[in-house]
Amino acid sequence: MRPLSKRALALPAALAAASLVLTACGSKASDTAAQAAGASCVDTSGPSVKVGSLNSLSGTMAISEVTVRDSIALAVEQINASGGVLGKQIQVVGEDGASEPTVFAEKAEKLISADCVAAVFGGWTSSSRKAMLPVFEDHNSLLYYPVQYEGLESSPNIFYTGATTNQQIVPALDYLKEQGVESLYLVGSDYVFPQTANRIIKAYAEANGIEIKGEDYTPLGSTDFSTIVNKVRTADADAVFNTLNGDSNVAFFREYKNVGLTAQDMPVVSVSIAEEEVGGIGVQNVEGQLTAWNYYQTVDSPENVSFVEAYKAKYGRNKPTSDPMEAAYTSVWLWKNTVEKANSFAVEDVKTAADGVTYDAPEGTVTIDGDNHHITKTARIGEIRSDGLIYTVWDSGQPIEPDPFLESYDWAEGLSS
């Protein structure tokens with residue numbers, strides 16, 4: 001695996017200028033709107049401070065996002081029990097994004113302007129994040145986004161606590177290459193993250209002698225995978241790279257098994273299936289398949305043992321923990337630590353204080369990069385086993401510095417445009 005060293009993440013001057021007029025993936029968010037924003041209505045004069053929890057509690061993404069909401073609530077409960085943030089109790093205002101980007105934007109506006117929250121935790125799909133981004137920039141408010149994503153973005157008003165591309169997708173591709181994979185079939189949901197992720201995968205493949213045997217997309221919530229799976233089967237690739245999201249994964253893996261495809265014959269590497277989704281898909285349909293994340297319930301650390309025990313005690317012994325849940329939980333603690341370093345809830349003070357803030361998370365120690373608002377993450381490849389849990393079969397050994405614009409990789413040149 002090539003060294004994953006930190007580099008300056010500022011875009012070249014020409015690209016930075018051009019990005020001000022771009023709205024597609026790869027645009028660098030501007031500070032202009034944030035600087036022009038009016039005064040905040042956040043009230044910190046009383047014994048409590050409000051934060052928002054914005055997740056899909058209905059629709060196709062609810063299978064993934066309800067538990068993210070739960071982990072945010074757990075972190076808040078623990079922080080309040082330990083004295084709160086700067087002596088104030090956290091009050092959560094919850095909203096349902098309903099698996100619709102426009103609803104996420106509307107609810108973000110409400111949380112900021114009507115509920116006067118100090119920060120918002122949530123979002124899952126990149127479409128929901130991109131819909132919310134201008135809202136947070138226009139109001140100069142803070143979003144803590146907890147899910148791995150396609151990279152090629154950095155906003156002064158978003159803290160990205162899930163993995164960026166060089167902390168998940170690139171390590172997964174390196175792992176497959178090391179295992180002798182020479183061809184891939186790409187399957188994804190038809191929206192921002194899978195499309196951009198696959199552009200990156202194809203650039204990597206071209207530079208590393210990996211053949212792309214096929215590429216198919218389907219709308220979020222799709223349940224008919226007979227055609228796509230048959231195309232996958234006849235393509236005879238060495239492996240499938242899966243960027244499907246939500247409950248489409250249930251139908252895909254059931255059809256995959258129905259046509260006789262197995263993890264031994266043609267393994268699937270998924271970047272949006274965690275322990276929670278395994279139960280919904282049915283472990284018998286995904287046993288032996290691979291995932292790429294930064295956290296699994298089976299991570300062996302004192303911090304994770306405490307997290308898993310607390311989560312199960314609150315929500316049920318049969319409830320697993322997963323990467324996005326852990327990243328959401330971690331994001332609340334990172335916000336607390338940053339506010340306390342700043343000694344202020346004010347957005348500009350929090351942003352100024354963020355660089356170098358750490359937290360001993362269940363996944364391992366994470367640190368905020370103040371330049372791009374991403375955090376260090378340890379990459380892990382996992383195998384789904386018969387008990388429904390995911391076990392690490394490879395990890396990066398140490399946290400990887402975030403490189404959202406892939407400036408550390410010659411083969412990624414031009415992807416940000």
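Here Q168 contributes atom CD and K377 contributes atom NZ; the two are 9.5 Å apart, rounded to the nearest 0.5 Å. Here S272 contributes atom OG and N242 contributes atom CG; the two are 7.5 Å apart, rounded to the nearest 0.5 Å. With rounding to the nearest 0.5 Å, the separation of CD1 in I381 from CH2 in W394 is 6.0 Å.
For K336, the NZ atom sits in a packed shell: over 12 heavy atoms of surrounding residues, nucleotides or ligands are nearer than 6.0 Å. The 12-atom threshold is exceeded at CD of Q179, counting heavy atoms of other residues, nucleotides or ligands nearer than 6.0 Å. By the 6.0 Å contact criterion, CG on D300 is open, its count of non-hydrogen atoms from other residues, nucleotides or ligands being 12 or less.
Partners of Y144 under the side chain to side chain donor-acceptor pair (under 3.5 Å) rule, at least two apart in sequence or in another chain, do not exist in this structure. Among residues two or more places apart in sequence or in another chain, the ring pair (Phe, Tyr, Trp, His ring centres under 6.0 Å) test is passed with Y359 by W333. Scanning for side chain to side chain donor-acceptor pair (under 3.5 Å) contacts around R233 gives N230, with sequence neighbours left out. In this structure T227 satisfies the side chain to side chain donor-acceptor pair (under 3.5 Å) test with no other residue, sequence neighbours excluded.
A pairwise comparison of heavy atoms in T358 and T367 identifies CG2-OG1, 3.2 Å as the closest pair. The minimum heavy-atom distance linking S127 with Y191 is given by the pair OG-CD1, 3.2 Å. In plain terms, the two heavy atoms of Q297 and P320 that are nearest each other are OE1-CA, 3.1 Å. When all heavy atoms of P219 and S248 are compared, the closest pair comes out as O-OG, 4.0 Å.
Residues F159 and Y145 keep their aromatic ring centres 6.0 Å or farther apart. The distance between the ring centers of F241 and Y185 does not fall below 6.0 angstrom. Taking the ring centroids of Y295 and W293, they lie at or beyond the 6.0 Å cut-off.
Counting heavy atoms from C-beta outward, Y311 and D70 have side chains that approach closer than 4.5 Å. Looking at heavy atoms from C-beta onward, L406 lies in side-chain contact with N166 at the 4.5 angstrom threshold. The shortest distance between side-chain heavy atoms of V268 and L290 does not fall below 4.5 Å.
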For this session: Using the ring-ring contact (aromatic ring centres under 6.0 Å, His included) rule, take Y149 and Y160 through it: C-alpha gap first, then chi angles, then the decisive distance, then the call.
Result: CA-CA 9 Å; Y149 83 113; Y160 306 77; 5.2 Å; yes
For this session: With salt bridge (Lys or Arg N to Asp or Glu O under 4.0 Å) as the test, would you mind laying out the steps for K177 and E182 before giving the verdict?
Result: CA-CA 7 Å; K177 182 182 176 183; E182 297 180 349; over 6 Å; no
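In this structure, the side chain of R69 does not engage the main chain of N55 through any donor-acceptor pair within 3.5 Å. A donor-acceptor pair is defined here as one N or O able to donate and one able to accept, closer than 3.5 Å; such a pair exists between the side chain of S396 and the backbone of Q398. Side-chain N or O atoms of Q167 include none that pairs as donor or acceptor with a backbone N or O of Q148 at under 3.5 Å.
At a threshold of 4.0 Å, the pair E95-K110 counts as salt-bridged, since one of the basic side-chain nitrogens sits closer than that to a carboxylate oxygen.
Screening residues 59-79 for ring-ring contact (aromatic ring centres under 6.0 Å, His included), with sequence neighbours left out, gives no hits.
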Side-chain donor-acceptor pairs under 3.5 Å in residues 250-258, sequence neighbours left out?
| residue | atom | partner | partner atom | Å |
| --- | --- | --- | --- | --- |
| Y256 | OH | M266 | O | 2.6 |
| K257 | NZ | Q284 | O | 3.4 |
| N258 | ND2 | R254 | O | 3.3 |

